[in-house]
There are 2 protein chains.
Amino acid sequence: MPTIEEVAKAAGVSVATVSRVLNNGQVSPKTRILVENAIRELNYEPNMLGRNLRRSESRMILTMIPNISNPFYSVIVEGIEDAARKNGYNILLCNTEADVEREKIYLDLLKQKLADGIITMEPAIDIDVLKEVGKRYPVVQCCEYSEKINIPYIAIDNVTAAYKATKHLLTIGHKKIALINSDEKFMYARQRKEGYIKALQEFDIPVNEDWIVNAGLSFESGQRMMKYLLSLKDKPSAVFAVSDILAIGALKTIKDEGLKVPQDIGVVGFDNIQFANMMNPTLTTIEQPRYQMGVEAAEMLIKRIKDKKQKVENVILDHQLIIRESTMEY
Amino acid sequence: MPTIEEVAKAAGVSVATVSRVLNNGQVSPKTRILVENAIRELNYEPNMLGRNLRRSESRMILTMIPNISNPFYSVIVEGIEDAARKNGYNILLCNTEADVEREKIYLDLLKQKLADGIITMEPAIDIDVLKEVGKRYPVVQCCEYSEKINIPYIAIDNVTAAYKATKHLLTIGHKKIALINSDEKFMYARQRKEGYIKALQEFDIPVNEDWIVNAGLSFESGQRMMKYLLSLKDKPSAVFAVSDILAIGALKTIKDEGLKVPQDIGVVGFDNIQFANMMNPTLTTIEQPRYQMGVEAAEMLIKRIKDKKQKVENVILDHQLIIRESTMEY
DNA sequence: ATAATTTATGTAACGGATTACATTGAAAAA
DNA sequence: TTTTTCAATGTAATCCGTTACATAAATTAT
């Protein structure tokens, strides 16, 4: 691999001039051509290790995902990657498995200068740790966030989204609506519950605590919770699950028990993952603009990397209720 | 951020000694403790940009995935990531969208020293280009591969796997078995077709070309192909799809047309993605040891990075037929 | 006790770029 | 013509580690 010095020699100029050509500095047209020819002839590509050291940047964005196999995240990552690439950044993928230790190791990459900033979704880590990191380095929260710390975020209005989902069920005549929620340590879980309750109240329907259950994140967890709900004496006639994965688990249980969706039980999910549309019946859900969220998160982060002082505003993106077969009027 | 020089000053030693402590060089126990204390006090972390430049390595593995949203790949990436981390490598995620231009841009990262090697799955790029890259840099093929070029690969025995899947259908009594294949530009597509034919021949069943269709990669494509198969005068009684995504598309079409799986039509997929088990009915499929494939690919690559000359052997991992509801005896 | 080894540590070169500052030369202004 | 200004280019310092080589100190061997 040739170095800038060899190019300089070949072109009969100094390394400074070559560097200027590379970075669009002030160079006379004649010289520029000379240098460009040398670059082409030697098939030269600048060594980023040298450049990065000198510039003290890595042009890497650390993307911390709790679970890469959860299809919810993949589209966000696509958005992040596209926006990053457009700005000359690459993404360092970090699958945290919601494991604090792994997160810590990855956070160290910032100190080691291997990453210029972080986009985090659903951090398992102590909020105080994240806060400290946020003071020193550019950080952006995506989807799941804490408002207690001064770190900007991209998200949707979960309260309104859950409200709409529940209201949809109410509108088509359901009065007995269960909520399969996640762990309420998550902000989104608390917010979606709030939206669910808000809709019930608007329709003067009392909240039945028996119908509010807390599941994990997995398909199996959705199955289990649905089994529980169907075991109640007073069964719900519809379910709102806070993720499509949970909803798909519910769907499976309902059918396994010989009941029909939507005739016997209506189901609404959340996220609009690809598979929501592949189920039988197809799943009514809330669409989150995931690709766009990724793009905005990356752009926001890059802005902050370029100008640390820059105050960036949180971004709330639009969501959308997508009505499919699982809640056809009954 | 403190530098190695400041640590040296604080510990009252030279930078060389600090570096030796950092790299487990020969240092007297007393001095080592002195340095370690200084490191702790200053909260020092080595700047990897400096180290990488000096060592002329990036400790990054470029992972080229055609489509990050395809759940087939995510588990492989998990394996790659875990193995990489264990060896002190990070992974640079590259979603190629099977786009040659994007691939080229990513391949340039090697020249630029931003990555030490590549793991590629289903390269869209010209096989000759890949061959050239493989001569100069460490490359490993994962899952999809070409044998025409001298680049090691991790894969399964697709012929035998497809043979087993088809034989299973034959064994439970099916005689009219369709194949929903992918584009035969893919090695795996050609191999799986071969296995399918082999099984039919073993059972003395003539190959019916009408029942062999080539689909794309998407769910919708699976739906379309199944629709076509059901429109035939002489319909198949079972389908073997070369991916779960295609099989799930087929499943949907079959049910939309009012037919029952497995009673009316048996379905077998391939890959054993997470969702295969969430369908109704659950999907019979071939399990690929995806996590393990990722691990092996990463380890093989790292071996090659550390010793360019090293001749590594291709690895064929075991697969497994997983029988579920979609092919219960009929 | 002296020589030969071995161990511990330091000095300085090096990896490959960027860029502040200095210098040269040409164009513009006086 | 002389002075001023500015564009073009070069020299060398710098970013932060690693490591070859040199030197000093401590062991071991003789």
Side-chain angles (χ1 to χ4, degrees), chain A residues 1-39 42-60 88 108-116 305-306, chain B residues 1-39 42-60 88 108-116 305-306:
Chain A
M1 279 287 94
T3 67
I4 199 172
E5 197 147 358
E6 298 174 56
V7 174
K9 203 164 290 169
V13 299
S14 75
V15 291
T17 300
V18 177
S19 177
R20 285 188 194 105
V21 170
L22 253 28
N23 298 287
N24 287 311
Q26 212 147 50
V27 183
S28 77
K30 280 178 300 183
T31 319
R32 165 158 269 128
I33 289 170
L34 236 52
V35 172
E36 279 167 352
N37 285 341
I39 289 177
L42 294 176
N43 195 16
Y44 168 78
E45 289 260 1
N47 179 323
M48 291 302 171
L49 301 178
R51 172 179 291 179
N52 288 347
L53 171 60
R54 182 59 234 237
R55 292 196 178 152
S56 197
E57 65 172 16
S58 62
R59 298 222 145 220
M60 293 281 170
D108 281 342
L109 297 182
L110 284 170
K111 267 201 200 172
Q112 298 165 184
K113 290 275 173 189
L114 276 182
D116 294 341
I305 289 171
K306 293 198 170 151
Chain B
M1 281 284 95
T3 69
I4 200 172
E5 196 147 358
E6 298 173 57
V7 174
K9 203 163 291 169
V13 300
S14 74
V15 292
T17 301
V18 178
S19 178
R20 285 186 194 106
V21 170
L22 253 27
N23 298 288
N24 289 313
Q26 211 147 52
V27 183
S28 77
K30 281 177 301 181
T31 318
R32 165 158 270 129
I33 289 171
L34 236 51
V35 173
E36 279 168 352
N37 285 340
I39 289 177
L42 295 175
N43 196 17
Y44 168 78
E45 290 261 1
N47 179 324
M48 292 301 172
L49 300 178
R51 172 179 290 177
N52 288 347
L53 170 61
R54 184 59 238 238
R55 292 194 178 155
S56 199
E57 65 174 14
S58 63
R59 297 224 144 219
M60 292 280 168
D108 282 342
L109 297 182
L110 286 170
K111 267 202 200 172
Q112 299 165 182
K113 292 277 175 187
L114 276 181
D116 294 342
I305 289 171
K306 292 197 169 150

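Residue numbers begin at 1 in each chain, while the letters A, B, ... track the order of the sequences.
For B:Arg51 and C:dA17, the CZ to C1' distance is 20 Å, given to the nearest whole Å. Across the protein-nucleic acid pair, A:Leu114 atom CG and D:dC15 atom P stand 19 Å apart, rounded to whole Å. In this structure, CG of A:Asn23 is placed 7 Å from P of C:dT19, rounded to the nearest angstrom. The distance from atom CZ of A:Arg59 to atom P of D:dC15 is 21 Å, rounded to the nearest whole Å. Remark: P of D:dG17 and CG of B:Leu42 are 12 Å apart, rounded to the nearest angstrom. If you measure from atom CE of B:Met48 to atom C1' of D:dC15, you get 16 Å, rounded to the nearest angstrom. To the nearest angstrom, C1' of D:dC16 lies 14 Å from NZ of B:Lys9. Taking atom CD on B:Glu57 and atom P on C:dG15, their separation rounds to 16 Å, with Å as the unit.
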Task: Verdict with supporting geometry, A:Asn52 and A:Lys113, side chain to side chain donor-acceptor pair (under 3.5 Å) - done: CA-CA 9 Å; A:Asn52 288 347; A:Lys113 290 275 173 189; over 6 Å; no

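Summarising the geometry of B:Val15 relative to B:Ala8, their closest heavy-atom pair is N-CB, 3.7 Å, with the distance given to 0.1 Å. Residues A:Val7 and A:Val18 come closest through the heavy atom pair CG1-CG1, 3.9 Å.
Counting non-hydrogen atoms under 4.0 angstrom, B:Leu49 reaches nothing in the nucleic acid. Among the protein residues, A:Asn52 comes within range of no part of the nucleic acid, since none of its heavy atoms lies under 4.0 Å from any strand.
Between the side chain of B:Arg54 and the base of C:dC14 there is at least one donor-acceptor pair of N/O atoms closer than 3.5 Å.
A heavy-atom distance below 4.5 Å is not found between the side chains of A:Val27 and A:Val35.
Applying the salt bridge (Lys or Arg N to Asp or Glu O under 4.0 Å) test to every pair with at least one member in residues 30-39 of chain B, sequence neighbours left out, gives these pairs: B:Arg32-B:Glu36. Sorted by first and then second residue, the salt bridge (Lys or Arg N to Asp or Glu O under 4.0 Å) pairs involving residues 44-57 of chain A (not counting sequence neighbours) are A:Arg55-A:Glu57, A:Glu57-A:Arg59. Sorted pairs that involve residues 2-27 of chain B and meet salt bridge (Lys or Arg N to Asp or Glu O under 4.0 Å), not counting sequence neighbours, are lacking altogether.
Between its opening and closing five pairs, the helix from C:dA1-D:dT30 to C:dA30-D:dT1 changes axis direction by 40°, a value rounded to 10 degrees.
By the side-chain hydrogen bond (donor to acceptor under 3.5 Å, both in side chains) test, B:Asn24 is found to be paired with no residue, residues two or more places apart in sequence or in another chain being considered.
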With 3.5 Å as the limit, what N/O pairs link the protein to nucleotides 9-11 of chain D?
| residue | atom | partner | partner atom | Å |
| --- | --- | --- | --- | --- |
| D:dT9 | OP1 | A:Ser28 | OG | 3.2 |
| D:dT9 | OP1 | A:Thr31 | OG1 | 2.3 |
| D:dT9 | OP2 | A:Ser28 | N | 2.9 |
| D:dT9 | OP2 | A:Ser28 | OG | 3.3 |
| D:dT9 | OP2 | A:Thr31 | OG1 | 3.1 |
| D:dG10 | OP2 | A:Ser14 | N | 2.8 |
| D:dG10 | OP2 | A:Ser14 | OG | 3.0 |
| D:dG10 | OP2 | A:Thr17 | OG1 | 2.7 |
| D:dG10 | O6 | A:Arg20 | NH2 | 2.6 |

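A donor-acceptor contact shorter than 3.5 Å is absent between the side chain of A:Asn23 and the backbone of A:Gly25.
At the phosphate of C:dA17, OP1 or OP2 sits under 4.0 Å from a side-chain N or O atom of A:Tyr44. Taking only side-chain nitrogens and oxygens, A:Thr3 never comes nearer than 4.0 Å to OP1 or OP2 of C:dG16.
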